[in-house]
Amino acid sequence: MKWAVIWVSICFLAGCATYKQDIDAGLGLAKEGEWKEAEGKLEGALDSSQDKLLYYMEIGALAQNQGDFERSNDLLEQAERLSDTFLPENFSNRSWALLSNPRQSDYRGNGIERVYISYLKSMNYIALAEKEDNTAKKRELNDAALVEMRRIDIKLNEIRAQTPSYQDLNAKENQAFYMKALSWLGDFYTGGRDTNKFIYRDDAWARYMEGLQYEMNGEIDDARISYEKAANLYEDGYAKQYALSSTTADRAWLDTIRMMQKGGFSQSEIDQRITTKLSPAMQEKLKQYHKGDAELVVLEHQGFIPDKKEMTVLLYADPRAYSLVLEPLHGGGTIEANDAFRWFTMVYADINPLNLIANYKAGGAWGTFSGIFTKRVILGRPVWQQLTSAKVDKLLTEQTIRVTVPYYGRFTLDQHQPTLQMNSSTATINNSLRMTSLADIAFQEQLAQAQRDIYEGLVRELLRSWLAYQVSSNVQDQNAALILNLIGQVAVFASSAADTRNWLTLPAQVRLTREPLAPGEYTPNYTVNNKTFSLGKVNLEANKIKLWNLRNPY
């Protein structure tokens, strides 16, 4: 046991570096649209048992991008099973990660990733159904796509049951002043950050896609219900939370009203919805839909979800205030270092009254101000006495401990307006809408769990450093003890790591273009940011929807 922690730490140094290089190389190829080459790189990087879920999700997404829809579904089905299996976390797996680094635990995924496993599978089934000539087999594949949509519904309902809804948040905003004041003081005590605002609680876009697929299968009332759920979600807070246009709700209401027209609702009910829910521009768009029309629906899955980075935070003791202090490592003026520092001050810096008082006691007025750039963990005298009896206080005053946490750097979404041209002689169509931002969802999910990340990192590095310290403390020879202590400090410091894993081949955003058209042959071209994508020659049938699942890596 004496050498266990030091040995484990040294062994993981090379492995983590190689993993990061291979992931970056694979992602770089994917961003150039080199899907097969990217798959080869990521297969090598994700070959450990802890990364099985990631492996199936990443390779499954890349297989879909290559048009290998059956293989994609086989891989994503494996991911589906694992995403449920990993929910009850294995204790021994977790303990091993605590002694080494968090990447040694099974990757469990998160809510958005579980939803998008089914989302991509539904896209695969639709693509397979389009290629199928046998009517019975085609119906079976379309039904399988709907099954995946129902799975999404179940997953989102599970997430909703565990998180406050937009209505709950809106009610909190509209409560009486004295209740707001009490809540405000409570937020101060917990760091002043209401993480409920950042939680992934439902998915308006996934609900909208349910409606689209029900409509494609002729299940009009189910389509209406799903479109209406999406419209309400966009209105209630989804569009605001993820910086989407308010027109997203307009689009969902338009499709709800179309289903009402097809579903036999009275004209007075339909007119009331048109008047109260649709902007003048969307009212004009609704008039473009006629009985017997075909429709082309373009789903542009653009870019890539941002990858997590690793931030170093230094931990040291402040015996005068019976507390531990965390301070970001200042790495100069690079963009990444600046982003890390901004993340720390946004998420972790001390702003609650207790920490401000402790900072003031420790360093006067300057100490209070400097607390903006540090995080203080107040232990109190009784806990500090326990640390003293275990000689942990001596460890913390003799050396600085490195704690690493994941964070997202700044990112920008592509803002270019796509254009759709149905034939070379026709006018261009400019009605594309960004309906969701997976990049913003991932970013806010990380904000919501940031406090947990830093406390888990703190406990992990304290434990590892204490075990390494115990090794040198039990050596009788003073010179040998000093050397061993130095080796242990360096090994533990250098091997500190954060779990930066996530599903990197997911798109950053999804843009929607819907256009009703007269039945006939077309050769659609979709252009965005000087890149043109062609669907080839297609025959659009009356009363049918043609879905173009477009993966734009640029």
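Values below: every heavy atom of this structure, side chains too, minus hydrogens, waters and symmetry copies.
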- Is any side-chain N of the basic residue among Glu158 and Lys155 closer than 4.0 Å to the acidic one's carboxylate O? no
- Message: Before you tell me yes or no, could you show the steps for Val147 and Lys121 under side-chain contact (heavy atoms from CB on, under 4.5 Å), namely the whole-Å CA-CA distance, both residues' side-chain angles and the distance that decides it to 0.1 Å?
- Response: CA-CA 10 Å; Val147 167; Lys121 285 181 71 182; over 6 Å; no
- Message: Would Arg551 pass as a cation-pi partner of Phe304, given that its NZ or CZ must be under 6.0 Å from the six-membered ring centre and within 45 degrees of the axis?
- Response: yes
- Message: Can a donor-acceptor pair be found, under 3.5 Å and without considering hydrogens, that links the side chain of Asp339 to the backbone of Arg410?
- Response: yes
- Validation row: Leu76, Tyr56 side chains within 4.5 angstrom (heavy atoms): no
- Task: Please say whether more than 12 non-hydrogen atoms of neighbouring residues, nucleotides or ligands are located less than 6.0 Å from CZ in Arg160.
- Result: no
- Query: Are any of the side-chain nitrogens in Lys544 or Glu295 under 4.0 Å away from the carboxylate oxygens of its partner?
  - Reply: no
- Nearest heavy-atom neighbours spanning Pro406 and Asp499: CB-O, 3.7 Å
- Query: Would you say the side-chain atoms of Asn543 pair up with the backbone N or O of Gly292, donor to acceptor, closer than 3.5 Å?
  - Reply: yes
- Message: Between Glu284 and Lys287, does any NZ, NE, NH1 or NH2 come within less than 4.0 Å of an OD or OE carboxylate oxygen?
- Response: yes
- Residue pair Lys531 / Phe533, side-chain heavy-atom distance below 4.5 Å: yes
- Considering all heavy atoms, the nearest Ala442-Ile305 contact: CB-CD1, 3.6 Å
- Compare every heavy atom of Leu244 with every heavy atom of Ser437, then report the nearest pair and how far apart it is. N-CD2, 4.2 Å
- Verify the neighbour count for atom CG of Asn134: are there more than 12 heavy atoms of other residues, nucleotides or ligands below 6.0 Å? yes
- Item | Nearest atoms (heavy-atom pairs only) where Glu228 meets Thr256 | N-OG1, 3.3 Å
- Query: Can you check whether Gln213 reaches Ser122 side chain to side chain, under 4.5 Å on heavy atoms?
  - Reply: yes
- Item | Phe443: which of Trp343, Tyr200, Tyr407, Phe198 passes ring pair (Phe, Tyr, Trp, His ring centres under 6.0 Å) | Trp343
- Could you please spell out the steps behind the side-chain contact (heavy atoms from CB on, under 4.5 Å) verdict for Thr500 and Ile23? CA-CA 11 Å; Thr500 56; Ile23 288 290; over 6 Å; no
- Item | pair Val528-Glu300: side-chain heavy atoms closer than 4.5 Å | yes
- Asn549 side chain to His301 side chain, donor-acceptor N/O pair below 3.5 angstrom: yes
- Query: Are the charged groups of Arg251 and Asp255 less than 4.0 angstrom apart, N to O?
  - Reply: yes
- Task: Please confirm whether the backbone N or O of Phe341 pairs with a side-chain atom of Thr345, one donor and one acceptor, at under 3.5 Å?
- Result: yes
- Message: Quick one: does any side-chain atom of Asp203 pair with a main-chain N or O of Ala206 as donor and acceptor, under 3.5 Å?
- Response: yes
- Before accepting this row, confirm whether a basic side-chain N of the pair Asp106/Lys52 lies closer than 4.0 Å to the acidic partner's carboxylate O. no
- Item | Mutual orientation of the aromatic rings belonging to Trp205 and Tyr119 [parallel < 30°, tilted 30-60°, perpendicular > 60°] | tilted
- Message: Looking at Lys308 and Glu445, is there a salt bridge between them, counting it only when a charged N and a carboxylate O are closer than 4.0 Å?
- Response: no
- Note on the structure: Residues pairing under ring pair (Phe, Tyr, Trp, His ring centres under 6.0 Å) where one sits in residues 258-297, two or more places apart or in two chains, turn out to be none
- Message: Closer than 4.0 angstrom, basic N to acidic O: yes or no for Glu269 and Arg273?
- Response: no
- Message: Looking at Arg114 and Ile112, would you say the former's side chain and the latter's main chain have a donor-acceptor pair under 3.5 Å?
- Response: no
- Query: Would you call Arg514-Glu215 a salt bridge at under 4.0 Å N-O?
  - Reply: yes
- Query: More than 12 non-hydrogen atoms from neighbouring residues, nucleotides or ligands closer than 6.0 Å to CD on Gln66, yes or no?
  - Reply: yes
- Message: Any carboxylate oxygen within less than 4.0 angstrom of a Lys/Arg side-chain nitrogen, looking at Glu210 and Arg224?
- Response: no
- Message: Salt bridge check, Glu80 against Arg151: does any charged N sit closer than 4.0 Å to a carboxylate O?
- Response: yes
- Item | Asp68 backbone acceptor or donor facing Ser72 side chain under 3.5 Å | no
- Heavy atoms, side chains only, cut-off 4.5 Å: are Ser118 and Met149 in contact? no
- Message: So does Thr428 get a backbone contact from the side chain of Gln421, meaning a donor-acceptor N/O pair under 3.5 Å?
- Response: no
- Query: Of the non-hydrogen atoms in Gly211 and Ser226, which two are nearest, and what is the gap between them?
  - Reply: N-CB, 3.4 Å
- Taking the side chain as every heavy atom from C-beta outward, state whether Asn431 and Glu515 have any atom pair closer than 4.5 Å. yes
- Query: Pick one: which of Tyr234, Tyr238, Tyr208, Tyr242 meets side-chain hydrogen bond (donor to acceptor under 3.5 Å, both in side chains) with Thr436?
  - Reply: Tyr238
- If you measure from the Lys or Arg side-chain nitrogens to the Asp or Glu carboxylate oxygens, is any gap between Asp74 and Arg71 under 4.0 Å? no
- Does the Asn423 side chain pair with the main chain of Thr523, one donor and one acceptor, at a distance under 3.5 Å? yes
- Note on the structure: Shortest non-hydrogen pair, Lys546 vs Leu535, comes out as CE-CD2, 4.0 Å
- Query: Would you say the side chain of Arg207 lies within less than 4.5 Å of the side chain of Asp153, judging by non-hydrogen atoms?
  - Reply: yes
- Message: Which residue is it: Gln283, Lys277, Met282? I am looking for the one with a side chain to side chain contact (heavy atoms under 4.5 Å, CB included) to Ser279.
- Response: Met282
- May I ask you to decide if Leu120's main-chain N or O and Gln64's side chain share a donor-acceptor pair within less than 3.5 Å? yes
- Polar side-chain atom of Gln444 near backbone of Gln241 as donor-acceptor pair, under 3.5 Å: yes
- Would you indicate whether the side-chain heavy atoms of Ser432 and Leu512 approach each other to under 4.5 Å? no
